[in-house]
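Reading through the structure tokens given below for one structure.
Labels below follow one simple rule: chain letters A, B, ... track the order of the sequence lines, proteins then strands, and each chain is numbered from 1.
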Amino acid sequence: MTSATLDKSYDPQQVEARWYSYWERNALFTADPSSLRPPYSIVIPPPNVTGQLHIGHALDNTLQDILCRFKRMRGYEVLWMPGTDHAGIATQNVVEREIAKEGLTRHDLGREKFIERVWKWKEEYGGKIINQLKRLGASCDWSRERFTMDEGLSRAVREVFVRLYEEGLIYRGDYIINWCPRCHTALSDLESEHEEVKGGLYHIRYPFRNGQGWITVATTRPETMLGDTAVAVNPEDPRYKNLADDKVVLPLVGRELPIIRDSYVALDFGTGALKVTPAHDPHDFDLGRKHGLEVIRIMDDSGRINELGGAYAGLDRFEARKKVLEDLQVQGLLEKQQEHLHAVGHCYRCKTMVEPILSKQWFVKVEPLAAEALKAVQQGDTRIVPAQWTKTYYEWMTNIRDWCISRQIWWGHRIPAWYCECGEVIVSRATPDKCSKCGGGDLRQETDVLDTWFSSGLWPFSTMGWPDQTPELKKFYPTSCLVTGFDILFFWVARMMMMGIKFMGEVPFKDVCIHALVRDAHGQKMSKSKGNVMDPLIIMDQYGTDAFRFTLAAFAAQGRDIKMSEERIAGYRNFVNKIWNAARFTMMNLEAGGGQAGEDDKLAPTLEDRWILSRINRTAAEVAAAIDDYRFNDAAGAVYQFAWHEFCDWYLELIKAPLYNQEDPAGQARARATLAEVFSRLLRILHPLMPFVTEELWQRLPGVEGSIMKAPWPEGRPDEIDLEAEAGMELIMSAISAVRNIRAEAGVAPGKEVPVVLSFDQDSARRMLLGHAGRLQSLAKISSVEDVPAGRAPEKAASAALAGVTLYVPLAGLVDFAAEAARLAKEIAKLEKEIAPSRKKLTNEGFLAKAPAEVVDKEKAKVGEADSKIGRLQDSLAKVKSFL
RNA sequence: AGGCACGUAGCUCAGGGGGAGAGCGCUACCCUGACACGGUAGAGGUCAUGGGUUCAAAUCCCAUCGUGCCUACCA
């Protein structure tokens with residue numbers, strides 16, 4: 001392969017397809033638990049099997065990939081554990097929809113057949129996202145890919161369930177839970193998403209039994225009155241101190257209800273009187289228990305009024321509300337209704353309004369687990385980055401309530417509990433064949449399955465073979481870092497913390513790196529219903545994966561939402577192309593040397609060599625530090641700045657002269673050697689961010705063998721840091737810019753060469769500029785450089801004041817003195833404006849007295865420098881004006 | 001109701017007590033033998049508002065306005 005085959009512009013499509021399979025074939029992603037290298041491990045947040053790669057996954061996995069590739073290059077044994085989540089409700093919904101097309105429900109098929117169908121679906125369509133992650137370049141160890149319903153992981157689930165049960169941390173009981181009437185299952189508190197809903201607050205009269213007036217209750221849920229078993233008021237409420245009767249008659253139903261007094265009732269809300277429906281409201285449930293109230297559940301699992309709802313039986317809850325209100329209106333019992341804004345839970349899977357319903361479910365007693373998880377972060381075993389999320393984590397961990405883990409669906413880990421006719425409940429790792437109490441053989445397994453998050457909570461260790469003691473666990477647990485969005489901090493991170501500490505005795509990860517949500521260019525959350533989703537696959541097709549990844553990294557500033565913009569992606573596409581062309585240039589020149597580069601580089605390095613080596617050292621260090629700190633945007637920014645604005649803009653331009661100078665073969669070889677070295681390092685610095693193009697270019701570099709993935713990260717070389725070269729280059733670059741500016745402002749044709757006269761007031765500046773006059777000439781199109789004493793400077797010239805030198809471009813006949821005067825005046829004004837704050841500071845006695853000496857010195861130096869420049873510019877201005 | 005962020009160039013965003021930055025866009029010139037997905041030179045900002053701390057505030061503190069998000073059982 002030679003640069004003859006390197007196209008003029010980068011075409012991502014063909015390159016990307018080639019390298020991913022190369023990496024996989026060569027097992028470059030595979031982790032070796034017996035390696036002696038230090039471990040670095042990440043478990044992927046397992047996407048749903050039903051999932052399609054969206055931009056949030058893309059961000060999340062790009063960041064993980066950057067970390068993994070970087071750590072590999074730095075000599076770590078890296079395990080990036082991949083896999084997918086069985087996503088109980090979501091997956092079941094998908095397959096139910098599929099069989100619905102055949103006119104079937106899951107009940108037509110029966111549990112076993114239905115689950116077979118789900119597995120079949122999973123084999124066929126599930127895990128599409130895995131290939132999409134590969135498109136993204138994710139360097140996961142696919143040989144270890146896991147699925148939460150795998151046999152091994154299922155064993156871990158059973159083990160955990162049984163142990164928690166045996167310790168009394170799992171229990172079963174009747175409580176109010178969040179019920180989704182569409183999915184027909186219980187949900188945890190987290191899975192019920194609160195959304196503001198405009199509802200009504202209805203004031204309803206409950207007449208006293210004795211006919212002496214009524215009590216008015218206020219409610220947002222009039223339809224649940226069918227299940228009312230009391231009315232409650234606050235014992236302190238003067239309005240209700242002396243009531244006409246101690247019982248009311250429930251309208252529409254006719255049941256007599258006691259009036260209970262409880263301080264729970266707020267005095268200042270509604271009417272101060274509360275209807276109590278223990279079967280359909282969590283607080284009412286508590287009140288009911290406390291006061292020994294009857295519990296009447298009036299709704300079925302689909303949210304329809306059941307036979308206990310009398311005339312309303314069969315009506316959907318919303319129809320029932322309407323009808324109840326109508327009937328109350330007719331009877332004159334609806335005193336008033338007002339608009340009322342309140343937060344109502346919605347199913348996180350299907351957005352159906354959640355129904356709080358009394359039901360028998362399994363729960364995890366989380367308090368003791370949460371206490372440990374809280375402590376682990378407090379004492380720094382796990383660090384949350386950025387730290388602002390720590391508080392949120394604490395808040396949740398301290399206010400946590402028991403976790404409802406049973407789901408009335410079929411797809412998932414079936415709860416390992418069996419019921420015997422004798423009433424015994426057997427919870428066991430292995431399927432029992434007879435009752436442990438009565439010996440009976442007629443056992444029925446619990447039909448409920450576990451919350452999907454129960455199994456994903458075990459992910460960091462179940463994927464590594466737990467409950468067995470495996471080499472993987474030994475080497476890679478606890479994992480180094482977890483990268484995820486804050487939206488699942490509670491759902492998942494918190495649960496992994498609890499489970500990891502409980503069962504491994506150690507936190508599951510040392511760091512939690514929390515990144516922002518990706519939004520569209522207007523800051524809206526991307527969603528299918530809004531139609532503002534950006535499909536990462538299409539983006540990758542259009543701009544290339546590397547450009548996309550680089551954009552994500554550049555946007556990933558901590559603690560902020562990301563507004564994705566296509567313009568930015570296009571900008572970084574251009575950057576990738578810039579790298580490509582820098583490579584094109586590099587290779588053309590390396591080949592021109594017949595592959596001899598590096599052999600004859602004994603010559604002392606030139607200024608630009610020293611400078612670029614110094615700069616790339618700093619850049620490598622900066623990028624490394626940024627990645628280590630999860631400041632991905634800083635990493636991207638630093639390498640972008642270096643590659644484009646130092647390496648390409650200046651260094652490549654500067655070495656064209658020596659590279660093209662046939663008369664100095666040694667100088668050519670030396671330039672080639674540095675170029676090859678610096679470019680090789682640049683590719684390696686870029687690799688974690690843009691793996692594909694860097695691999696392609698790496699493998700085309702002469703003398704390179706093997707993947708860039710195996711190449712070492714360019715660690716710092718303190719000997720190459722060169723302050724003198726950096727300062728010298730500053731001066732040279734400023735001189736070149738000054739000449740270019742003068743040329744542009746004077747309208748000198750780009751091709752025309754101009755003479756330059758320099759008048760020095762510092763010897764170091766003289767040595768630097770005259771010693772590198774050739775560089776000046778080639779980059780600023782200069783015909784000659786002349787050194788004159790200050791007094792002999794050309795008069796009819798445009799000029800610029802630099803540090804230690806005044807630069808003149810004599811433009812006899814060309815120079816427009818009026819324009820030059822304006823330019824100088826502008827320059828002076830700009831300098832004055834810039835230096836004004838410093839001047840002010842130096843007149844401030846407090847500043848001189850209290851500011852650190854080095855700050856004062858710095859300000860003085862700044863003013864001195866500016867004064868020198870301004871003075872020289874004013875001299876020039878006066879001269880120019882004299883010709884007007 | 002509480003909590004957490006955020007208001008910086010036309011747009012999208014970095015920065016975070018001592019010289020206002022980037023990308024895109026804009027203006028002018030240039031197809032210069034890596035690159036027009038390019039080059040060179042420019043224009044553009046009282047860093048939301050009002051106070052305070054400090055020798056020094058875009059940066060720290062308080063308040064106000066605006067925006068977004070999270071948590072929450074006043075029916």
Side-chain angles (χ1 to χ4, degrees), chain A residues 3 6 8-10 176 194 201-202 217-221 224 232 264-271 273-277 281-284 286 340 342-343 356 388-389 391-392 395-396 399 486-487 489-490 516-517 519 521 523-525 543 547 551 554-555 557 559-568 570-589 633-634 637 640-641 645 648-649 652-653 656 660 737 740-745 747-751 780-781 834-835 837-838 840-841 844-852 854-856 858-859 862 866:
Chain A
S3 68
L6 214 61
K8 226 175 159 181
S9 63
Y10 174 55
I176 299 274
H194 289 265
L201 185 65
Y202 304 94
V217 301
T219 181
T220 55
R221 305 253 359 236
T224 63
Y264 162 76
V265 183
L267 294 163
D268 55 356
F269 187 88
T271 61
L274 177 70
K275 69 188 233 4
V276 185
T277 323
D281 182 280
H283 318 103
D284 292 8
D286 292 342
H340 184 64
H342 60 147
Q388 70 208 45
W389 291 107
K391 199 173 168 184
T392 312
E395 202 115 330
W396 193 72
N399 296 320
F486 61 79
D487 48 331
L489 182 62
F490 305 142
L517 235 52
R519 299 168 184 283
Q524 297 282 309
K525 199 167 172 173
Y543 297 97
T551 311
F555 264 118
R560 242 213 221 242
D561 283 344
I562 296 173
K563 285 185 215 156
M564 193 32 80
S565 87
E566 217 164 315
E567 287 78 20
R568 273 297 274 275
Y572 290 117
R573 186 258 330 262
N574 297 353
F575 177 57
V576 175
N577 191 56
K578 189 79 180 173
I579 298 297
W580 179 263
N581 275 286
R584 201 166 111 98
F585 174 84
T586 301
M587 287 171 199
M588 284 167 102
N589 283 287
N633 59 318
D634 287 341
Y640 182 97
Q641 163 67 24
H645 298 304
C648 289
D649 285 354
L652 291 187
E653 294 304 323
K656 279 178 182 174
Y660 296 155
S737 293
R740 285 170 171 172
N741 174 253
I742 288 168
R743 296 176 58 110
E745 299 268 328
V748 177
K781 288 266 180 210
E834 265 175 29
I835 206 65
S838 297
K840 203 176 144 200
K841 278 183 191 175
N844 181 341
E845 280 173 35
F847 174 73
L848 294 171
K850 295 193 181 175
E854 70 258 28
V855 173
V856 176
K858 205 174 140 196
E859 292 300 322
K862 259 158 58 182

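- A search for salt bridge (charged side-chain N to carboxylate O under 4.0 Å, His left out) contacts involving A:R740 returns nothing, not counting sequence neighbours.
- Ranking B:G23, B:A34, B:A41 by closeness to the A:H645 side chain, first place goes to B:G23.
- For the pair A:R573 (side chain) and A:R568 (backbone), a donor-acceptor distance under 3.5 Å is absent.
- When the side-chain nitrogen and oxygen atoms of A:N574 are compared with OP1 and OP2 of B:G38, one or more of them lie within a distance under 4.0 Å.
- Between the base of B:A34 and the side chain of A:E653 there is a donor-acceptor pair shorter than 3.5 Å.
- For A:Y264, the side-chain atoms get nearest to B:C73 when compared with the rest of B:C37, B:C73, B:U40.
- When distances run from any side-chain atom of A:R584 to the nucleotides B:A75, B:A34, B:C73, the shortest one goes to B:A34.
- With a 3.5 Å ceiling on both atom-pair distances, the Watson-Crick or G-U wobble partner of B:G21 is B:C13.
- Distance A:H342 NE2 to B:C73 C1': 13 Å, rounded to the nearest Å.
- Distance CZ (A:R573) to P (B:A36): 12 Å, rounded to an integer number of Å.
- A donor and an acceptor atom, one from each side chain of A:S838 and A:K840, are nowhere located under 3.5 Å apart.
- In the set B:G23, B:A41, B:C70, the nucleotide with an atom closest to the side chain of A:Y640 is B:G23.
- Base pairing of B:U71 is made with B:A1, judged by Watson-Crick or G-U wobble geometry with both donor-acceptor distances under 3.5 Å.
- Donor-acceptor pairing under 3.5 Å, judged by distance alone, is absent between the side chain of A:K8 and the base of B:C35.
- Considering only the side chain of A:S737, B:A41 comes nearest among B:A41, B:A75, B:C55.
- Rounding to whole angstrom units, CD of residue A:E859 and P of B:G19 are separated by 6 Å.
- Expressed to the nearest 0.5 Å, how far OH of A:Y10 lies from CG of A:N581 amounts to 12.5 Å.
- Of the candidates B:G42, B:A5, B:C55, the closest approach to any side-chain atom of A:N741 belongs to B:G42.
- You'll find the ring centres of A:Y572 and A:Y543 outside the 6.0 Å limit.
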